[in-house]
Every structure is written in C-alpha cells, then in structure tokens.
Amino acid sequence: MITLALSKGRIFEETLPLLKAAGIEVLDNPETSRKLILATNSPEVQVVLVRASDVPTYVQYGGADLGVAGRDVLIEHGLDGMYQPLDLNIARCRMSVAVRDDFDYAAAIKQGSRIRVATKYTQIARQHFSDKGVHVDLIKLYGSMELAPLTGLADAIVDLVSTGNTLKANHLVEVEKVMEISSRLVVNQAALKLKREPLRRMIDAFASATPK
Ligand code: ATP
Ligand code: PRP
C-alpha cells in the first residue's frame with residue numbers, strides 16, 4: 001500500500017488532476033465526508049488528509065510514503081528524512097512583506113529602526129531580514145496575519161500573497177517579495193528504498209502530469 005498525504009482545500013483540489021493523469025481517482029469527497037483515510041480506484045494507493053503544516057511530519061516519520069506541501073511549509077519544517085523530487089507547480093503564490101498603507105517602510109529600514117514583524121513563517125522571515133541586514137523582532141502568529149499591523153501588534157507582516165485582495169481589503173501594501181511559492185512532492189527516504197518500484201512509477205506519473 002502507498003499512502004499519500006494531502007491537505008484539504010487547494011492542495012487536495014489542485015493535486016486531483018495530477019492523480020487523475022496518473023490514473024488514480026479518489027473515491028471520497030473530503031468536503032462532504034468526515035473520513036480521514038480516502039480510498040482510491042487503485043487498491044494499492046490511499047490518501048490521508050492532514051493539516052497543510054503536518055504533511056512534512058507525516059512524510060518524515062513514514063506516516064505517509066509521500067505528500068504534497070507548499071515550499072513555505074517545507075522550509076519552515078526542514079527536509080529531514082525526506083526527498084523532494086518534484087516542483088508540482090500548483091498552489092502558486094508568493095511570500096511577501098506587507099505593511100499598512102500609511103507606514104513608511106523604506107524610511108524605517110533606512111533609519112535602521114528595529115521593526116516588529118508578525119508572521120506564521122518565522123524561519124523564512126528571519127532569513128530574509130538577516131540577509132538584508134534589517135533588525136527585526138519576530139512575533140509568531142498562526143493565522144490572520146493581516147490583522148497585526150491594523151491593531152498595532154506589529155509594523156509589518158510576512159505572509160502569502162496571491163491576488164493581493166486580502167492585503168487590499170485590509171489597507172495593507174506589499175513592500176518586498178521574499179520568494180515565489182509552489183507546492184512540492186516529498187517522499188519518505190526509507191519508503192523510496194523499500195517500495196522503490198511503485199513509488200518511482202508514481203513520481204514519474206506526477207512528473208508527466210505537472211503543469212510546466
Ligand atoms: P494549516 O491548515 O496547516 O494552517 P493553511 O491554512 O496555510 O495550513 P492552505 O490555506 O490550504 O493551508 O494552504 C496550503 C498551501 O497552499 C500553503 O502552504 C501555500 O503553499 C499555498 N497557498 C496558501 N495560500 C495561497 C493562495 N492564496 N494562493 C495560492 N496558494 C496558496
Ligand atoms: C492565504 C494567505 C492570505 C491569502 C492571500 O489565506 O494566508 O491571507 O491567502 O491570497 P490573496 O492575495 O489572493 O488574497 P487563505 O485564503 O488560504 O486562508 P487561510 O488563512 O485560512 O489559510
């Protein structure tokens with residue numbers, strides 16, 4: 001049996017066409033079913049539904065043989081015990097620094113002021129500001145980062161941006177792009193040795209189906 005870890009929502013939805021191209025159809029709909037282990041039309045493949053940020057943990061410890069996770073989540077978690085064979089080019093967005101539209105970020109940086117930055121992505125943010133030589137106090141949040149500059153909790157946020165609608169709706173502006181993000185296929189290193197043939201077939205099928 002091969003176990004694939006996916007998170008509900010955009011990763012599940014954007015992975016489905018890739019699975020389909022590989023001849024694999026998931027038999028349950030996670031939006032209507034409460035099941036966490038989903039069967040597929042292939043007796044040797046099952047899908048487990050986990051939180052997006054738990055996908056690397058499942059793959060690292062072998063709770064799943066492979067999984068799909070954002071580059072953001074993989075950098076934050078690290079790649080211990082995993083092999084990252086493919087950029088699937090799905091769930092594309094960017095990681096950016098954003099501030100209130102009335103905050104002069106350039107001036108704050110120029111003055112060398114210490115700025116407060118709220119984010120869920122502390123590793124990525126720490127690396128980014130350290131590379132730029134900007135002094136920051138990082139505040140860890142688990143969601144709704146956009147609220148932090150509006151309430152005075154922070155001067156800036158580091159968050160994911162796609163259309164920019166969330167920033168705009170909250171009177172925030174993007175001031176720096178940190179990195180491009182897309183989702184990656186990750187594989188448990190031990191499983192790749194023990195289940196080499198079926199996993200290789202699956203990786204190759206994902207590779208052929210990946211949008212260029
Ligand atoms: P968790 O449930 O663990 O807190 P989450 O709520 O961030 O995670 P999703 O919103 O499903 O989970 O996001 C999964 C991945 O999709 C993210 O890690 C990121 O790589 C990508 N992503 C997030 N937001 C967007 C977006 N607006 N557009 C495109 N891709 C996105
Ligand atoms: C993500 C991210 C931003 C938003 C950006 O949230 O955390 O808030 O998308 O997208 P936009 O630029 O197109 O507005 P998501 O919609 O996944 O909700 P979540 O915070 O519940 O994960």
Side-chain angles (χ1 to χ4, degrees), residues 4-19 26 29-36 38 47-61 63-64 66-79 82 84-101 117-128 138-151 153-154 156-187 206 210-212:
L4 169 68
L6 297 176
S7 53
K8 252 162 95 162
R10 59 171 61 84
I11 294 214
F12 183 83
E13 275 144 33
E14 296 190 35
T15 303
L16 274 192
L18 305 184
L19 283 172
V26 183
N29 175 357
E31 298 307 325
T32 51
S33 156
R34 299 291 299 166
K35 282 191 196 169
L36 296 174
L38 311 181
V47 169
V48 292
L49 291 179
V50 302
R51 284 286 292 265
S53 41
D54 289 336
V55 167
T57 308
Y58 271 80
V59 175
Q60 175 181 2
Y61 294 107
L66 66 181
V68 177
R71 184 183 181 202
D72 47 330
V73 165
L74 292 172
I75 294 177
E76 289 297 317
H77 182 276
L79 281 172
M82 277 175 268
Q84 185 187 196
L86 276 183
D87 179 354
L88 299 176
N89 242 319
I90 57 170
R92 293 186 61 86
C93 53
R94 56 193 181 272
M95 184 74 70
S96 293
V97 182
V99 298
R100 261 168 70 148
D101 54 14
V117 179
T119 188
K120 179 172 160 186
Y121 309 98
T122 48
Q123 300 297 333
I124 293 173
R126 183 171 294 112
Q127 188 67 51
H128 174 73
L138 290 177
I139 300 173
K140 168 88 184 182
L141 289 178
Y142 293 88
S144 301
M145 263 81 77
E146 294 84 2
L147 198 55
L150 307 180
T151 54
L153 179 67
I157 59 171
V158 170
D159 195 9
L160 298 171
V161 182
S162 173
T163 59
N165 290 341
T166 310
L167 292 182
K168 209 166 162 193
N170 292 292
H171 310 287
L172 301 176
V173 288
E174 204 173 348
V175 287
E176 257 165 27
K177 186 169 95 179
V178 177
M179 60 174 69
E180 292 289 341
I181 301 286
S182 55
S183 282
R184 317 291 161 110
L185 184 68
V186 281
V187 184
F206 266 108
T210 293
K212 295 292 174 289

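The model shown is predicted, which means the values in this text are computed figures rather than measured ones. Every number for a ligand or one of its atoms is a count from 1 in the order of the listing.
- The closest approach between a heavy atom of Lys120 and any atom of ligand 2 is not below 4.0 Å.
- Of the protein's heavy atoms, Asp159 OD1, 3.5 Å lies nearest to atom 7 (O) of ligand 2.
- Every N/O-N/O distance between Ser183 and ligand 1 stays at or above 3.5 Å.
- For atom 4 (C) of ligand 2, a protein non-hydrogen atom is found at a distance below 4.0 Å.
- Using a 4.0 Å threshold on non-hydrogen atoms, atom 14 (O) of ligand 2 counts as touching the protein.
- What you find for Ala148 and Ile157 is that their closest heavy atoms are CB-CG2, 4.2 Å.
- Contact atoms of ligand 2 toward Thr166: 4 (C), 5 (C), 8 (O), 10 (O), 11 (P), 14 (O) (distance under 4.0 Å to a heavy atom of the residue).
- Only the side chain of Ser162 comes within 4.0 Å of ligand 1, counting heavy atoms alone; its backbone N, CA, C and O stay farther away.
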Review point. Passes side-chain hydrogen bond (donor to acceptor under 3.5 Å, both in side chains), Asn89 versus Thr210? Steps please.
Key: CA-CA 7 Å; Asn89 242 319; Thr210 293; over 6 Å; no
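- The protein does not reach atom 19 (P) of ligand 2 closely, with no heavy atom under 4.0 angstrom from it.
- Within ligand 2, the atoms closer than 4.0 Å to a non-hydrogen atom of Gly164 are 11 (P), 12 (O), 13 (O), numbered from 1 in the order shown.
- Between the side chain of Arg71 and the backbone N or O of Glu180, at least one donor-acceptor pair lies under 3.5 Å.
- Gln60 is listed as a side-chain neighbour of His77, based on a closest heavy-atom distance under 4.5 Å.
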Check your understanding: Stepwise, does the side chain to side chain contact (heavy atoms under 4.5 Å, CB included) test hold for Tyr121 with Ile181?
Key -> CA-CA 13 Å; Tyr121 309 98; Ile181 301 286; over 6 Å; no
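- The protein non-hydrogen atom at the shortest distance from atom 10 (O) of ligand 2 is Ser162 N, 3.7 Å.
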Check your understanding: Given the rule in the side chain to side chain contact (heavy atoms under 4.5 Å, CB included) test, do Val68 and Leu185 qualify, once you have shown the distances and angles that lead to the verdict?
Key -> CA-CA 5 Å; Val68 177; Leu185 184 68; 4.1 Å; yes
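- The closest approach between a heavy atom of Glu146 and any atom of ligand 2 is below 4.0 Å.
- Between the Glu176 side chain and the Val97 main chain, no donor and acceptor come within less than 3.5 Å of each other.
- Close approach of ligand 1 to Arg51 (heavy-atom distance below 4.0 Å) involves ligand atoms 1 (P), 2 (O), 3 (O), 4 (O).
- Atoms of ligand 2 found under 4.0 Å from any heavy atom of Val161, numbered from 1 in the order shown, are 12 (O).
- Under the 3.5 Å distance criterion, the side-chain polar atoms of Lys35 are left unmatched by any main-chain donor or acceptor of Pro30.
- Set against the non-hydrogen atoms of Thr163, the atoms of ligand 2 under 4.0 Å away are 11 (P), 12 (O), 13 (O), 14 (O).
- From the protein, the heavy atom lying nearest to atom 30 (N) of ligand 1 is Ala91 O, 3.3 Å.
- Listed by number with element, the atoms of ligand 1 under 4.0 angstrom from any heavy atom of Gly70 are 20 (O).
- Nearest to atom 29 (C) of ligand 1 among the protein's heavy atoms is Arg92 O, 3.2 Å.
- Using a 4.0 Å cut-off between heavy atoms, Lys120 contacts ligand 1 through its side chain alone, with no backbone atom that close.
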Review point. Can Val55 and Val73 be said to form a side chain to side chain contact (heavy atoms under 4.5 Å, CB included), step by step?
Key: CA-CA 9 Å; Val55 167; Val73 165; 5.7 Å; no
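- Looking at Leu167 against ligand 2, nothing comes within 4.0 Å, counting heavy atoms.
- Residues Gly70 and Ile11 approach most closely at N-CD1, 4.1 Å, considering heavy atoms.
- Environment of OH in Tyr58: sparse, with no more than 12 heavy atoms of neighbouring residues, nucleotides or ligands closer than 6.0 Å.
- Short contacts between ligand 1 and Ile181, defined as distances under 4.0 Å to a heavy atom of the residue, involve ligand atoms 20 (O).
- Judged by the shortest distance from any of its heavy atoms, Gly9 lies outside the 4.0 Å radius around the atoms of ligand 1.
- One N or O on the side chain of Glu76 and one on the backbone of Gln123 form a donor-acceptor pair closer than 3.5 Å.
- Taking a cut-off of under 4.0 Å to the non-hydrogen atoms of Val73, the atoms of ligand 1 that pass are 18 (O).
- In terms of polar-atom proximity, defined here as any N/O pair under 3.5 Å, Arg71 makes no such contact with ligand 1.
- The heavy-atom pair separating Val59 from Met82 by the smallest distance is CG1-CG, 3.6 Å.
- Here the heavy atom of the protein found nearest to atom 10 (O) of ligand 1 is Arg10 NH1, 3.0 Å.
- Counting heavy atoms from C-beta on, the side chains of Ile139 and Val117 never come closer than 4.5 Å.
- With distances taken over non-hydrogen atoms, the option nearest atom 17 (O) of ligand 2 out of Arg94, Arg10, Met95 is Arg10.
- At under 3.5 Å, not a single nitrogen or oxygen of Ser7, backbone or side chain, sits near a nitrogen or oxygen of ligand 1.
- Protein heavy atom in closest approach to atom 3 (O) of ligand 1: Ser53 OG, 2.6 Å.
- Remark: the Thr166 side chain and the Glu146 side chain contain no N/O donor-acceptor pair separated by less than 3.5 Å.
- Heavy-atom separations between Gly143 and ligand 2 are all 4.0 Å or longer.
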**Study point:** Criterion side chain to side chain contact (heavy atoms under 4.5 Å, CB included) on Arg94 and Glu174, from CA distance to verdict
**Key:** CA-CA 11 Å; Arg94 56 193 181 272; Glu174 204 173 348; 2.7 Å; yes
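- Between the side chain of Asn29 and the backbone N or O of Glu31 there is at least one donor-acceptor pair closer than 3.5 Å.
- Contact detail for Asp72 and Met95: the closest heavy-atom pair is CB-CE, 3.6 Å.
- Proximity annotation for atom 2 (C) of ligand 2: of Ile157, Leu160, Asn170, Asp72, Leu160 comes nearest, heavy atoms only.
- Considering Leu74, Asn165, Asp72 only, the shortest heavy-atom separation from atom 18 (O) of ligand 1 involves Asp72.
- For atom 15 (C) of ligand 1, the closest non-hydrogen atom of the protein is Ile11 CD1, 3.8 Å.
- Here the heavy atom of the protein found nearest to atom 8 (O) of ligand 1 is Ala52 CB, 3.3 Å.
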